[in-house]
Trainee: 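Here you go, one structure.
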Amino acid sequence: MAFSIFNLLGGLFSNDIAIDLGTANTLVYVKGKGILVREPSVVAIRKSDRKVQAIGYDARQMVGKTHSDIHTIRPMRDGVIDDDDIAEEMIRAFIKKVSRNRLTRPRVIICVPSGVTKAEKRIINDSAEHAGAREVYLIAEPMAAALGVGLPVDQPIGSMVIDIGGGTTEIAVISLSGIVTDTSVRTGGDEMDEVIVQYMRRNYNLLIGERTAEEIKCRIGSATPLKEELKMVAKGRDLIAGIPKAVEISSVEIREALAEPVSAIVDAVKLSLEKTPPELAADIRDRGIIVTGGGALLKGLAVRLREETSLPVNLAEDPLTCVVRGTGIVLDDMERFGKVLMRK
Ligand SMILES: Nc1ncnc2c1ncn2[C@@H]1O[C@H](COP(=O)(O)OP(=O)(O)O)[C@@H](O)[C@H]1O
Ligand SMILES: [Mg+2]
């Protein structure tokens, strides 16, 4: 009796948390409270003494607008840890943000790209421990994404999930709580932004920033012709005259600019289908593929994948939060889903 009351109280006061440590965005889910943090994975530091100036949204505001002593860093940029110390500061800052209650130290599950190295796992683990975690568990991103979209990951049924993030696209086939095949390519939303920057420079002599390129991609970027093609004005600096300039661009041009990264994603999906064992391939043919991650929101991308694979391809509901919601599902029922966690 006393034990169960103790357990009940522990449950009430615990602030166990699930973290999606993405290359573009970090999301934190707190048990019983929902998603409390949803911020860009960006840290601004002062170069002279490497002191952190801002984290998350505040740091993101500074991208492309800093003076020479301030530097903005995305510590997870290509799906791996780019800068240990800064990654650690970021993880700690986000955990601190949600840990009001310092009496009970939280259990933390962190979602990481499936290709992380042993050394990277250690850094993530240690950062979370330094930030006050009582126990730290890791989960592979595609597994979390699959849980987040409600796939039956612990059944003997093959499911394919494509997660298009900022730095990488991960394509995984999951069955019986494990990842059967996993293809990861370093093409994602960031590369789409980069090709738009290059396109504007080459075709208009216009230098635009990373954030402007992202805005263009989200507003008028596409992977298939649109019913009604779109237009917008892009602002930047004229490379010849050196002065601010604005030009009107169309979705047709931006689709042409995005052709290469979009094809790279399509090719990786086809390759991954070729690697899938036949019984599971049959399940995928029946049940289809689910696309998640912010990159899945590119207009026409799901349609393009459907055309190229001749399989049913569906866009996940709220693709930007699938991974953290999936990690939260594991946190809420460790008994059932503990087996999907990664070995450290
Ligand atoms: N409407 C949209 N169209 C195209 N790309 C989008 C859209 N919304 C967000 N993105 C892109 O999604 C990426 C971030 O996705 P996210 O799943 O948060 O990545 P990560 O898991 O790597 O942090 C960014 O590159 C962002 O520009
Ligand atoms: Mg992600």
Side-chain angles (χ1 to χ4, degrees), residues 18-29 35 37-43 56-57 60 63 74-82 87 90-91 94 110-116 138-149 161-172 182 184-197 209-224 226 230 232 251 254-255 257-258 261-262 265 290-305 315-328:
I19 305 178
D20 167 12
L21 198 58
T23 60
N25 297 295
T26 297
L27 288 84
V28 184
Y29 163 95
I35 300 170
V37 170
R38 193 173 170 168
E39 298 204 37
S41 309
V42 181
V43 181
Y57 272 115
R60 161 90 183 173
V63 172
R74 285 178 49 194
M76 307 293 297
R77 198 165 193 114
D78 289 314
V80 291
I81 294 186
D82 212 35
M90 190 177 76
I91 295 168
F94 286 134
I110 304 184
C111 179
V112 295
S114 49
V116 289
L138 303 180
I139 180 172
E141 196 165 38
M143 180 59 81
L147 278 160
V149 299
V161 189
I162 306 174
D163 181 357
I164 308 172
T168 57
T169 294
E170 294 218 28
I171 303 148
D182 180 19
S184 176
V185 287
R186 292 205 172 179
T187 302
D190 293 340
E191 196 176 319
M192 296 182 196
D193 301 345
E194 280 157 29
V195 296
I196 292 175
V197 171
E210 203 175 289
R211 296 185 59 185
T212 302
E214 184 181 19
E215 194 195 333
I216 295 172
K217 171 186 72 179
C218 295
R219 279 179 56 188
I220 67 168
S222 61
T224 44
L226 303 176
L230 306 165
M232 72 177 273
S251 50
I254 299 305
R255 187 159 57 248
L258 291 172
V262 168
I265 292 171
I290 291 215
V291 204
T292 179
L297 290 167
L298 183 72
K299 292 176 189 56
L301 189 60
V303 175
R304 173 78 183 274
L305 287 165
L315 179 61
E317 209 175 290
D318 200 2
L320 285 156
T321 62
C322 281
V323 165
V324 80
R325 283 186 284 120
T327 312

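In each ligand, atom 1 is the first atom listed, and ligand 1 is the first ligand listed.
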Trainee: Just jot down the ligand 1 atoms closer than 4.0 angstrom to any heavy atom of Gly293, in number order.
Mentor: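 Counting from 1, the qualifying ligand atoms are 17 (O).
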
Trainee: Side chain, backbone, both or neither: which part of Leu320 has a heavy atom under 4.0 Å from ligand 1?
Mentor: side chain

Trainee: Taking distance alone, with no angle check, do Asp163 and ligand 1 share an N/O pair under 3.5 Å?
Mentor: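 In fact, backbone or side chain, Asp163 has no N or O that close.
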
Trainee: Taking salt bridge (charged side-chain N to carboxylate O under 4.0 Å, His left out) as the definition, give me every residue that meets it alongside Lys217, ordered by chain and number, with sequence neighbours left out.
Mentor: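 If we apply the salt bridge (charged side-chain N to carboxylate O under 4.0 Å, His left out) test to Lys217, skipping adjacent residues, the hits are Asp193.
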
Trainee: Quick one: does Leu305's side chain get under 4.5 Å of Ile162's, heavy atoms only?
Mentor: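 Yes. Closest side-chain heavy atoms under 4.5 Å.
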
Trainee: Grab the two heavy atoms, one from Ala145 and one from Asp163, that are nearest each other, plus how far apart they are.
Mentor: CB-OD2, 4.5 Å

Trainee: Report yes or no: does Ser41 contribute a side-chain atom to a donor-acceptor pair with the main-chain N or O of Gly22 at less than 3.5 Å?
Mentor: yes

Trainee: Out of all atoms in ligand 1, which are within 4.0 Å of some heavy atom of Ala24? Include the element for each.
Mentor: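 Those atoms are 14 (C), 19 (O), 20 (P), 22 (O), 23 (O).
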
Trainee: Mark the output for Gly221 as yes if a heavy-atom distance to ligand 1 is under 4.0 Å, and as no if none is.
Mentor: no

Trainee: As a check for students: among Thr23, Val324, Thr168, identify the option with a heavy atom nearest to atom 22 (O) of ligand 1.
Mentor: Thr23

Trainee: For the Mg ion (ligand 2), find the closest N/O/S atom on Glu141 and give its atom name.
Mentor: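 Looking only at N, O and S atoms of Glu141, the one nearest the Mg ion (ligand 2) is named OE2.
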
Trainee: Under 3.5 Å, is there a donor on one side chain and an acceptor on the other for Arg304 and Thr224?
Mentor: no

Trainee: Counting from 1, what ligand 1 atoms have a heavy atom of Glu214 closer than 4.0 Å?
Mentor: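 Ligand 1 atoms under the 4.0 Å threshold to Glu214: 24 (C), 26 (C), 27 (O).
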
Trainee: Name the option, out of Pro40, Ala213, Gly294, Gly165, that contains the heavy atom nearest to atom 10 (N) of ligand 1.
Mentor: Gly294

Trainee: Which atoms of ligand 1 have any heavy atom of Gly166 under 4.0 Å away?
Mentor: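 Counting from 1, the qualifying ligand atoms are 19 (O), 20 (P), 22 (O), 25 (O).
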
Trainee: Which atoms of ligand 1 sit under 4.0 Å from any heavy atom of Gly189?
Mentor: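 Listed by number with element, the hits are 25 (O).
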
Trainee: Between the side chain of Glu170 and the main-chain N/O of Glu141, is any donor-acceptor distance below 3.5 Å?
Mentor: no

Trainee: Decide if atom CZ of Arg219 counts as having more than 12 heavy atoms of other residues, nucleotides or ligands within a radius under 6.0 Å.
Mentor: no

Trainee: Given Lys217, Arg219, Met192, which has its nearest heavy atom closest to atom 25 (O) of ligand 1?
Mentor: Lys217

Trainee: Closer than 3.5 angstrom, by distance alone: can the side chain of Thr169 be matched with the main-chain N or O of Thr187 as a donor-acceptor pair?
Mentor: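 Checked: pair present.
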
Trainee: With a cut-off of 4.0 Å, which atoms of ligand 1 are near a heavy atom of Asn25?
Mentor: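 Taking each heavy atom of Asn25 in turn, ligand 1 has 14 (C), 16 (P), 18 (O), 23 (O) under 4.0 Å.
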
